[in-house]
Amino acid sequence: MGPVRPGAVDGVIATRGLTKRYRGGQLAVDGLDLTVPAGSVFGFLGPNGSGKTTTIRMLMGLVEPTSGTARVLGLPMPRAARTVLPQVGALIEGPALYGHLSGRDNLLRLDAADPTADPRTRRARVAAALERVGLAAAAGKRAKAYSLGMKQRLGLAAALLRPRRLLVLDEPTNGLDPQGMREIRTLIRELAADGTTVFLSSHLLDEIEQLCTHLAVMARGRLLAQGATADLAAGARDRLVVTTPDPVEAARVLKEQGAADVTADGDRVTGEPPARDLAEVNAALVAAGVRVRGFTLRRASLEDSFVALTGEGFDVAR
Amino acid sequence: MSRADPATAVAAERGPAPLWTLGLLRSELLTTLRRLRALVLLGVLAAVPVLIGVVVKVRARGGGSSGAAGPAFLGQVTDNGLFLVCTALAATLPFFLPMAVGVVAGDAIAGEADVGTLRYLLVAPAGRTRLLLVKYATVVVFCLLATLVVAASALLTGVLLFPVGELMTISGTTISFTDGLLRALLVVLVVAASLIGIASLGLFVSTLTNSGIAAMATTVGLVVTAQILDQFPQLHAVRPYLFSHYWLSFADLMRDPVYWPDLVHGLGLQVLYAAVFGSAAWARFSTKDINT
């Protein structure tokens, strides 16, 4: 069977009513309708325990859904796992290695596990993958001697053993230093530029914002929103921030000038900016005798959208 | 045939090769045998025959009579070194051999689930049935390897420390040394086959838990339990179905002519265990949610 190209409508990943209820009744994923467009870098966000990992495990055929369907590369999972998974590279919940084997032998083993991988090119492909993640020098070292960052790189190398049409990366920069994070992000951009669809879960909002063209937000097993990153970030409004020793008077003037949702907190007065030239607003404040120390427009971040959607802060500690 | 450019060979989608399991089986064998745990177990198995040989030699030199106590064939060792193969197997079969097999079998799936490598093998995708078959084959190969290690070490020790040559069977007839070697090889095969029951049981236990240690301990516990139960005459209805019941019947291969009934029963029992617990392991593993 040749590779099956997904229909443009289908999406590289498409779930309908995907649900997982664990024994004991806990509902981990509840009626998920997720669509990942081909060629996108898709950010998958959600606080701890929101069902992201269970979703990824269902997509990879590791966990059987209680109900609903999941299609990956246009084919049903887990039924078509043998056709789909060779075209998918995955890093799930961090790397897992054979500590007593070298980094190279770890990859040789995983490649041998793929019945469609050509054994004649195995060594060359393993060497190329190690080179790509910057582990060539440590390839002969036992994996138990690797640092967390090196283990993470080896996990990524396993996902890159063959050209993939989809990469599922769960927290790919976990454990890496800032330099390592930059390298991996550059790598992800390169892969995406080659046309690989990247499904990326991360707790680093700025990472998602930098990398992802699309994203989805989950909380308590349900999908709260999905779409293009730009559209979702636009969902949160910018805030006008005025710093002043006269907050009461400033709040009154801002309301007069048409600012909505005005709140004062100490010497900071914030509100949604009115639809008029902000220079006029500042002039009005000064004319009313408000002593202005600072007058800024704070751009809405993805974090604001996230908090607005989930009603809770992002669990940075994971 | 021109050699394909590696890049295009990679890009081309290949169907599963005809020998699709062999690469994984080789990888599985190497991964299992490179573990320190497996090497230590094989080392202990190799040491037991040396220990027995030296003790028998020292006692014989001291003029002590080789009494009836001790493992089977102990008395014959001083007459013919080849008997050390049988003695060593009789000494290791109650515990050391099944323990080694139990550790490797128990660890097979649960150990990988424990460290999380199981999920990466399955998304590779190894295929659940294929992976289980490869694990099963590896455990069976380990049964044979462990038995061979004991036999080889015993043969070497026996040849070095004791006279060899024509040997007398239990029935009192004499067979040539070559014939004796062939029988010893047959003994190795029968002993290895008689470990398949515990291997199947261990593999099944291994699919039930995500803790390698728990699976290994349970399997080794079953070895001990089976042999304790086999001591009770009151359990005569159950005893013939214990995987360890016919273990020592390999001695019947040293009779002339070979006495087959118990051997056949024993091997049949191992086939039964393999079928029952192999199927149970497959039923469990093919539907299991992998959450580690």
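Below, chains carry the letters A, B, ... as their sequence lines are ordered, and counting in each starts from 1.
- Both the backbone and the side chain of Leu91(A) come within less than 4.5 Å of a heavy atom in chain B.
- Of residues 278-292 of chain B, those residues lying under 4.5 Å from chain A by any heavy-atom pair are Lys288(B), Asp289(B), Ile290(B), Asn291(B), Thr292(B).
- No more than 12 heavy atoms of other residues, nucleotides or ligands shown are found within 6.0 angstrom of CZ on Arg79(A).
- In Tyr22(A), the OH atom is crowded: over 12 heavy atoms of neighbouring residues, nucleotides or ligands sit closer than 6.0 Å.
- Heavy-atom neighbours of chain A within the stretch residues 28-40 of chain B, taken at a separation under 4.5 angstrom, comprise Glu28(B), Thr31(B), Arg34(B), Arg35(B).
- For CZ of Arg122(A), the number of neighbouring non-hydrogen atoms (other residues, nucleotides, ligands) closer than 6.0 Å is greater than 12.
- Using a 4.5 Å cut-off between heavy atoms, Asp111(A) does not touch chain B at all.
- With chain B as partner, the option from Gly94(A), Gly89(A), Gly99(A) having the largest number of non-hydrogen pairs under 4.5 angstrom is Gly94(A).
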Report task. Go through the steps for Leu110(A) and Leu121(B) under the test side-chain contact (heavy atoms from CB on, under 4.5 Å), then give the verdict. Result -> CA-CA 6 Å; Leu110(A) 288 177; Leu121(B) 286 176; 3.9 Å; yes
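- Heavy-atom distances place no part of Ala158(A) under 4.5 Å from chain B, backbone and side chain included.
- Distance CZ/Arg128(B) to CG/Leu62(A): 6.5 Å, rounded to 0.5 Å.
- Ser27(B) and Arg109(A) make their closest contact through OG-NH1, 2.9 Å (heavy atoms, listed as atom of the first residue, atom of the second, distance).
- Between Leu24(B) and Ala112(A), the closest heavy-atom pair is CB-O, 3.9 Å.
- Residue Arg119(B) comes nearest to Ala96(A) through the heavy atom pair NH2-CB, 4.0 Å, listed as atom of the first residue, atom of the second, then distance.
- Within a 6.0 Å sphere centred on CD of Glu131(A), other residues, nucleotides and ligands contribute 12 heavy atoms or fewer.
- The two residues Pro125(B) and Pro115(A) have their closest heavy-atom pair at O-CD, 3.1 Å.
- Within 6.0 Å of the CD1 atom in Ile213(B), the count of heavy atoms belonging to other residues, nucleotides or ligands does not exceed 12.
- Looking at Tyr120(B), its side chain does come within 3.5 Å of a backbone N or O of Ile92(A) through a donor-acceptor pair.
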